[in-house]
Amino acid sequence: MQQTGSVRVVVADPRATLHHTVLDTPLGHLTVVARGDVLLSVTLDGTRPSSLPVELGRRDDDALTDAREQLAQYAAGDRTRFELPVHLDGSPFQELVWRGLLRIPFGSTWSYGELAGELGLDPRTSSRAVGAANGRNRLAIVVPCHRVIGADGSLTGFAAGVERKRALLDLEAAQHGGRSVLF
């Protein structure tokens with residue numbers, strides 16, 4: 001079941017309604033925050049507070065139909081790509097890194113150095129900065145920061161915990177012919 005769409009990076013209209021919904025998935029609760037239909041944040045329960053959005057807006061479980069459906073499909077193992085508009089809100093360097101995350105194929109992992117190299121940066125001097133920007137990503141799963149691992153193949157930090165990162169990688173491995181995405 002390959003989807004052909006992709007995440008679209010757009011600028012959210014600041015006049016659009018700020019709202020959120022909470023999804024109960026096999027991965028845990030996901031809180032989705034948006035302005036209108038443009039996603040600002042997707043966080044898993046247990047995410048470090050520094051990674052959470054400042055405002056959630058009012059809760060509206062009837063809104064964000066596409067996001068709710070696609071995230072539920074992903075969590076159930078039925079979706080490999082998202083067709084959603086997202087707003088990246090960070091420094092130019094952070095946004096560069098987050099756009100790079102969108103290029104990591106489903107079922108694959110890259111090291112921080114590989115991501116730096118993909119961005120045209122020197123991995124020897126930029127891996128830590130890339131890791132810091134990766135850690136500030138507020139759009140978990142949709143902008144797949146969980147696909148970045150240590151140079152030695154180890155699972156490294158994840159705002160919702162390394163166990164949750166392992167669960168996401170295992171979910172993708174199951175859809176990727178059962179092959180581990182770490183080797």
Side-chain angles (χ1 to χ4, degrees), residues 1-14 16-47 51-53 55-90 94-95 97-110 115 134-149 158-161 163-179 181:
M1 96 237 23
Q2 284 293 99
Q3 285 81 33
T4 58
S6 64
V7 171
R8 294 180 318 280
V9 177
V10 300
V11 175
D13 182 347
T17 303
L18 179 67
H19 53 116
H20 76 283
T21 188
V22 179
L23 301 147
D24 186 21
T25 74
L27 301 169
H29 291 96
L30 296 177
T31 301
V32 182
V33 180
R35 278 213 180 274
D37 289 331
V38 179
L39 302 188
L40 305 177
S41 173
V42 176
T43 54
L44 294 124
D45 57 346
T47 297
S51 302
L52 296 174
E55 284 186 74
L56 296 175
R58 71 176 175 80
R59 184 165 177 169
D60 184 354
D61 291 331
D62 293 325
L64 303 170
T65 305
D66 288 343
R68 287 192 342 254
E69 181 178 295
Q70 290 182 38
L71 285 162
Q73 290 169 342
Y74 174 88
D78 295 329
R79 177 169 284 275
T80 61
R81 296 183 66 144
F82 294 100
E83 301 175 35
L84 298 167
V86 301
H87 176 89
L88 302 178
D89 187 18
Q94 289 170 330
E95 290 184 23
V97 171
W98 300 335
R99 287 174 187 270
L101 294 172
L102 293 170
R103 295 198 298 262
I104 303 174
F106 179 88
S108 299
T109 56
W110 290 357
L115 179 55
N134 189 53
R136 301 294 298 175
N137 173 31
R138 291 185 175 183
L139 289 154
I141 302 171
V142 176
V143 177
C145 54
H146 63 279
R147 295 181 189 154
V148 184
I149 60 173
F158 187 61
E163 308 78 30
R164 195 63 70 46
K165 184 174 193 168
R166 163 58 73 194
L168 290 167
L169 293 174
D170 287 347
L171 174 74
E172 292 189 13
Q175 293 182 64
H176 202 257
R179 296 185 309 272
V181 295

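With a 4.5 Å cut-off on side-chain heavy atoms, T109 and I104 do not count as touching. Residues L139 and L101 form no side-chain contact, since every pair of their non-hydrogen atoms from C-beta on lies 4.5 Å or further apart. Proximity of R99 to L88: side-chain heavy atoms (C-beta onward) are separated by under 4.5 Å at one or more points. Proximity of V9 to P85: side-chain heavy atoms (C-beta onward) are nowhere separated by under 4.5 Å. Residues L71 and V142 form a side-chain contact, since some pair of their non-hydrogen atoms from C-beta on lies under 4.5 Å apart. Here the side chains of H87 and V11 are in contact, with some heavy-atom distance below 4.5 Å. The shortest distance between side-chain heavy atoms of N137 and V97 does not fall below 4.5 Å.
With values rounded to the nearest 0.5 angstrom, E95 atom CD is found 7.0 Å from D89 atom CG. Of the inter-residue distances, the one linking T80 atom OG1 with L171 atom CG reads 11.0 Å to the nearest 0.5 angstrom. Taken to the nearest 0.5 Å, the CG atom of L168 stands 5.0 Å off from the NE2 atom of H146. A distance of 8.5 Å separates CG in L64 from CG in L23, rounded to the nearest 0.5 Å. L39 CG to R8 CZ: the interatomic distance, rounded to the nearest 0.5 Å, is 9.5 Å. Atom CG of residue N134 and atom CZ of residue R147 lie 12.0 Å apart, to the nearest 0.5 angstrom.
Across every non-hydrogen atom of G90 and Q94, the tightest pair is CA-OE1, 3.2 Å. Across all their heavy atoms, V33 and H20 have their closest contact at CG2-CB, 3.9 Å. Minimum interatomic distance between D45 and G28 (heavy atoms only, all atoms of both residues): OD1-CA, 4.0 Å. Counting all heavy atoms, side chain and backbone alike, C145 lies closest to F158 at SG-CE1, 3.8 Å. Shortest non-hydrogen contact noted between D61 and V22 is OD1-N, 3.6 Å. Of all heavy-atom pairs between R138 and L40, the closest is CB-O, 3.9 Å.
A salt bridge is absent between D62 and R68: the closest approach of a Lys/Arg side-chain nitrogen to an acidic carboxylate oxygen does not fall below 4.0 angstrom.
The side-chain contact (heavy atoms from CB on, under 4.5 Å) test applied to D13 returns R15, A16, not counting sequence neighbours.
Here the rule is side chain to side chain donor-acceptor pair (under 3.5 Å) with Y74, and of R81, R79, E172 only E172 fits it.
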